[in-house]
Amino acid sequence: MTIEIDDLRIRFGEHEVVKGISFAVAEGESFGIVGESGSGKSTVLRAMAGLNQSWEGRIAFSGEPVEAKRPPAFFRKVQMVFQDPYGSLHPRQTIDRILSELPLVHGLDGIEKRIARALSDVTLPQSVRFRYPHQLSGGQRQRVAIARALIAEPRVLLLDEPTSALDVSVQAEILNLLADLRVERGLTYVMVSHNLSVIAHLCGMVGVMIDGQMVEQVSVDNLRLGKVEHSHTKELRSLSVELEEPA
Ligand SMILES: Nc1ncnc2c1ncn2[C@@H]1O[C@H](COP(=O)(O)OP(=O)(O)OP(=O)(O)O)[C@@H](O)[C@H]1O
Ligand SMILES: [Mg+2]
């Protein structure tokens with residue numbers, strides 16, 4: 001699915017926290033958003049995901065603008081993965097129950113098969129089905145969160161800092177998994193991260209946000225080459241050691 005965001009504005013009371021941002025993502029591409037804490041990254045993703053219904057501007061998937069309130073079918077096609085896999089998984093539900101929820105809501109058949117496939121897609125053993133989130137490691141929990149996002153065969157994943165709560169070694173595994181899934185399924189991603197090297201690993205384009213505005217959009221190739229315009233992008237780049245090395 002293509003994604004188009006035009007002049008998106010979001011306010012909380014008097015405070016405008018997203019100040020007219022625009023970007024587009026081609027089908028099967030991955031767009032990264034970086035920016036300092038509080039710059040509005042999560043707020044943008046939440047509006048795209050239909051979790052925040054008060055915004056202005058245009059959000060379109062496959063060329064079709066969405067309304068504030070989305071029909072149930074929308075939530076099959078567009079799924080969000082959050083930073084904290086512990087907070088986003090219900091603590092008193094087994095993994096089996098957690099993974100059953102979306103297929104039940106959407107009346108999908110073959111739930112057993114879907115769960116088995118979703119677990120193997122994220123390389124988790126079938127035995128985790130009857131465990132609870134607290135009985136899994138952080139990396140395993142994030143794999144469950146990704147399995148849940150994938151289970152109803154979405155076309156778009158909105159990823160909000162999907163690895164920042166994990167150990168560095170586990171981060172790389174999850175990023176590789178997400179990169180493989182995108183190619184295999186032709187998924188379209190928008191991914192928020194503080195970390196430019198994480199973005200560079202997974203995305204083709206990156207948008208840099210400061211205080212509710214997207215001040216620059218640059219390809220990851222140009223980012224690596226240092227062909228960036230805005231001082232904030234230069235600053236972020238200089239903080240990211242890995243980018244200095246050849247790809
Ligand atoms: N529900 C809300 N009510 C009021 N203000 C909010 C709400 N959600 C976010 N904000 C404010 O909007 C601004 C942007 O927040 P947002 O969570 O989008 O930032 P972010 O870029 O994701 O930051 P971080 O990198 O820390 O996750 C902040 O000033 C925040 O305090
Ligand atoms: Mg955030």
Side-chain angles (χ1 to χ4, degrees), residues 3-23 25 30-59 66 68-70 75 78-89 138 141-142 145-146 148-149 156-168 170-171 174-175 178 188-203 205-218 220 223 228 230-240 242-243:
I3 303 171
E4 291 144 24
I5 306 296
D6 292 304
D7 199 24
L8 180 66
R9 291 175 186 275
I10 304 167
R11 54 172 69 244
F12 294 107
E14 289 294 282
H15 195 47
E16 191 173 48
V17 303
V18 175
K19 301 172 181 171
I21 75 165
S22 304
F23 62 93
V25 193
S30 183
F31 187 91
I33 302 178
V34 286
E36 56 205 7
S37 187
S39 57
K41 305 179 299 294
S42 298
T43 304
V44 169
L45 278 202
R46 291 175 59 82
M48 292 172 70
L51 302 176
N52 172 351
Q53 299 184 2
S54 81
W55 46 268
E56 292 166 44
R58 180 173 178 271
I59 299 176
V66 293
K69 191 164 167 25
R70 314 287 155 84
F75 297 99
V78 178
Q79 277 287 314
M80 188 151 164
V81 175
F82 299 88
Q83 171 174 11
D84 169 16
Y86 205 40
S88 69
L89 301 177
R141 282 197 289 266
Q142 196 57 303
I146 294 167
R148 177 178 60 181
V156 172
L157 289 190
L158 304 174
L159 302 150
D160 194 356
E161 305 258 12
T163 61
S164 58
L166 305 173
D167 287 347
V168 174
V170 183
Q171 279 190 18
I174 299 282
L175 290 173
L178 288 168
T188 306
Y189 288 175
V190 177
M191 184 169 81
V192 164
S193 177
H194 276 93
N195 185 331
L196 264 191
S197 35
V198 165
I199 297 270
H201 189 84
L202 215 73
C203 301
M205 283 291 291
V206 55
V208 180
M209 284 187 71
I210 305 179
D211 191 24
Q213 290 177 312
M214 196 171 273
V215 295
E216 180 163 13
Q217 293 181 30
V218 60
V220 165
L223 187 68
V228 301
H230 199 281
S231 58
H232 190 59
T233 318
K234 290 179 185 159
E235 193 184 325
L236 284 172
R237 193 177 171 275
S238 70
L239 295 172
S240 176
E242 292 88 341
L243 275 181

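Every value quoted in this text rests on a predicted model; they were computed, and no experiment measured them. Ligands are counted one by one from 1 in listed order, and the atoms in each one are counted from 1 as well.
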Kindly print each ligand 1 N/O atom paired with any protein N/O atom under 3.5 angstrom away, one pair per line, or none if nothing qualifies.
| from | atom 1 | to | atom 2 | distance (Å) |
| --- | --- | --- | --- | --- |
| ligand 1 | 18 (O) | Ser42 | N | 3.4 |
| ligand 1 | 18 (O) | Thr43 | N | 2.9 |
| ligand 1 | 18 (O) | Thr43 | OG1 | 2.5 |
| ligand 1 | 19 (O) | Gly40 | N | 3.4 |
| ligand 1 | 21 (O) | Ser39 | N | 3.2 |
| ligand 1 | 21 (O) | Gly40 | N | 3.0 |
| ligand 1 | 21 (O) | Lys41 | N | 3.0 |
| ligand 1 | 21 (O) | Lys41 | NZ | 2.8 |
| ligand 1 | 22 (O) | Ser42 | N | 2.9 |
| ligand 1 | 22 (O) | Ser42 | OG | 2.8 |
| ligand 1 | 23 (O) | Gly38 | N | 2.8 |
| ligand 1 | 25 (O) | Lys41 | NZ | 2.7 |
| ligand 1 | 25 (O) | His194 | NE2 | 3.2 |
| ligand 1 | 26 (O) | Ser37 | OG | 2.5 |

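The backbone N or O of Ile199 lies less than 3.5 Å from no partner atom in the side chain of Ser193, so there is not a single donor-acceptor pair. For the pair Thr188 (side chain) and Val156 (backbone), a donor-acceptor distance under 3.5 Å is absent. Put simply, the side chain of Lys41 never gets that close to the backbone of Met191: no donor and acceptor are under 3.5 Å apart.
The distance from atom CD of Gln142 to atom OG1 of Thr163, rounded to the nearest 0.5 Å, is 8.0 Å. The SG atom of Cys203 sits 8.5 Å away from atom CG of Leu159, with the distance rounded to the nearest 0.5 Å. For the atom pair CD of Glu16 and CD of Gln213, the computed distance is 8.5 Å after rounding to the nearest 0.5 Å.
The Mg ion (ligand 2) has no N, O or S atom of Thr43 inside 2.8 Å of it.
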